[in-house]
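Single-structure report; data block below.
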Amino acid sequence: MNVKLLAIVALLVVGGTAVFVALGGLPRAANAATSFLTGTAAIADVSDDVAATGSIASTTTWSLAFGYAPTTVADSASAAASQDGTWTVNTVTAKVGDVVKADQVLATATNVTLSADITAATNDWTSARLQRQTAKEAYDDAVTADVTTQIRQTRSQLLTADNQVASTHQKLLDLKATAGRNRLVAPAAGIVTAVNVTAGADAPSGVAITIESTEYQVTADVVESDIASMQLGQPATVTVSAIGADLEGTVTAIAPTASSGSSGSSSSVVSYAVTVALKQPPATLRAGMTADVTITTAAASGVLAVPAAALRGTAGNYSVLLPAADGSAQARSVTVGLITSSLVEIKSGLTAGETVITGTSSTQRTTTGTGTGGGQFVVPGGGGGGLRGPGG
């Protein structure tokens with residue numbers, strides 16, 4: 001009886017187990033594993049860059065007016081000063097958009113009043129010289145007579161006559177210089193951006209023709225956290241999407257004071273204007289175009305480098321993790337140079353071609369195998385989390 005009872009119990013257990021398995025009661029043959037993401041130490045160019053956006057502008061804008069020397073736009077107020085007489089325009093050969101060469105004549109004019117003023121100034125100068133001659137003779141006579149009172153008086157008159165000669169002569173020179181500026185001449189190669197004169201009409205009292213140089217620059221706002229790394233002469237790359245061009249440039253100016261701006265919010269961003277002069281700009285480039293500026297603040301060319309994600313530790317105590325054959329991660333001390341957000345220069349501790357660990361990712365290990373392709377080093381067992389080396 002007892003034997004039969006035990007047999008029945010055993011059959012029930014086996015049957016129950018079969019049903020349990022059939023209903024999926026046993027776990028599947030899979031469990032979690034951790035993969036190391038890896039990179040390779042290789043020879044590369046490492047650079048630290050600062051990005052900003054600005055607009056293209058000519059390096060110099062020239063203002064031309066009859067009777068005045070060419071001035072930059074910052075000094076154009078002098079060209080709007082009161083004229084000596086009226087300039088009547090004779091010819092105008094320039095129009096907006098023209099590309100002009102240095103010393104090219106763009107317009108001519110005459111000034112009748114100025115001619116008369118030169119004649120009058122010449123007479124005044126001649127008269128002043130005659131008066132000085134008279135004063136000189138009177139002074140010489142007083143000295144010969146040795147009369148102290150007369151010497152003092154004639155000496156004073158002679159000095160006054162000398163001043164008058166100098167004053168009238170300078171006025172004559174100035175008028176002649178003004179008369180000689182009866183032509184508007186391009187001071188440098190550039191593009192005509194404004195023409196305010198017409199042949200046969202009187203010229204305006206201010207600027208007649210404006211020229212922008214064909215040398216270009218871009219001024220971009222660099223945020224305060226990056227301005228400390230800015231230096232004059234640093235190389236830059238300027239991308240102008242409007243013409244599909246990547247241009248080379250050099251930092252030529254850094255604003256000493258900050259400018260604050262806000263983007264519609266209560267917070268403001270403090271930035272500094274940094275100017276980059278462009279090298280060999282193409283003919284299609286125009287002032288006002290938007291430009292993306294990348295300024296290289298530090299660089300190391302042809303050095304051994306690893307991805308920045310591989311670096312561990314702090315200054316003076318850096319290391320990287322290398323995958324071992326048994327699936328563990330082993331730490332190795334390294335000496336570093338330039339550190340950027342993407343690459344780190346390795347000065348010692350690694351050789352080209354060695355594999356370094358840059359991170360981890362959780363994978364699912366199945367019964368079909370555990371391949372290690374695709375830059376991952378599979379570690380048996382479960383668990384995710386941060387990288388840990390021996391003793392770490």
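Note that the coordinates shown come from a computational prediction; the quantities given were computed from them, not determined experimentally.
Tested against Thr239 for a side-chain hydrogen bond (donor to acceptor under 3.5 Å, both in side chains), the candidates Asp292, Thr290, Asp246 yield a single pass: Asp246.
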- Do Ser47 and Thr296 pass the side-chain hydrogen bond (donor to acceptor under 3.5 Å, both in side chains) test, and can you show the C-alpha distance, the side-chain angles, and the key distance before you say yes or no? CA-CA 7 Å; Ser47 65; Thr296 301; 5.1 Å; no
- Message: Set out, in order, the CA-CA distance, both residues' side-chain angles and the distance that settles side-chain hydrogen bond (donor to acceptor under 3.5 Å, both in side chains) for Thr60 and Ser213, then state yes or no.
- Response: CA-CA 6 Å; Thr60 308; Ser213 71; 4.5 Å; no
- Message: Please evaluate residues Thr275 and Thr219 with respect to the criterion side-chain hydrogen bond (donor to acceptor under 3.5 Å, both in side chains), reporting the C-alpha separation (whole Å), side-chain torsions for both, the decisive distance (0.1 Å), and the verdict.
- Response: CA-CA 4 Å; Thr275 301; Thr219 299; 3.2 Å; yes
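Side chain of Asp98 to backbone of Val100: no donor-acceptor contact under 3.5 angstrom is found. At least one donor-acceptor pair closer than 3.5 Å links the side chain of Thr126 to the backbone N or O of Thr122. Checked by atom type and distance alone, the side chain of Thr340 pairs as donor or acceptor with a backbone atom of Leu343 at under 3.5 Å. Remark: side-chain polar atoms of Thr250 are not paired, donor with acceptor, to backbone N or O of Ala277 under 3.5 angstrom. A donor-acceptor contact shorter than 3.5 Å links the side chain of Thr297 to the backbone of Asp48.
For Glu248, the CD atom is loosely surrounded, since the number of other residues' heavy atoms within 6.0 Å does not exceed 12. Remark: Arg129 CZ is packed, more than 12 non-hydrogen atoms of other residues, nucleotides or ligands lying under 6.0 Å away.
The OG1 atom of Thr91 sits 10.0 Å away from atom CZ of Arg183, with the distance rounded to the nearest 0.5 Å. Annotation: the span from Leu321 atom CG to Thr355 atom OG1 amounts to 13.0 Å, rounded to 0.5 Å. Thr61 contributes atom OG1, which lies 10.5 Å from atom CD1 of Ile211 (distance to the nearest 0.5 angstrom). Atom CD1 of residue Ile357 and atom CG of residue Leu322 lie 7.0 Å apart, to the nearest 0.5 angstrom. Note: Gln131 CD to Asp162 CG = 12.0 Å, rounded to the nearest 0.5 Å. Separation of atoms CG (Leu172) and CH2 (Trp125) is listed at 7.0 Å; rounding is to 0.5 Å.
For Val197 against Phe66, the heavy-atom pair with the smallest separation is CG1-CE1, 4.3 Å.
A salt bridge is defined here as a Lys NZ or Arg NE, NH1 or NH2 lying under 4.0 Å from an Asp or Glu carboxylate O, and Asp174 with Lys171 fails to meet this definition.
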With a 3.5 Å cut-off and sequence neighbours excluded, list the donor-acceptor pairs that the side chains of residues 222-238 form with protein atoms.
from	atom 1	to	atom 2	distance (Å)
Ser229	OG	Asp226	O	2.7
Gln234	OE1	Gln231	N	3.0
Gln234	NE2	Ser229	O	2.8

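Applying the salt bridge (charged side-chain N to carboxylate O under 4.0 Å, His left out) definition to pairs two or more places apart or across chains, those involving residues 329-353 are Arg332-Glu354.
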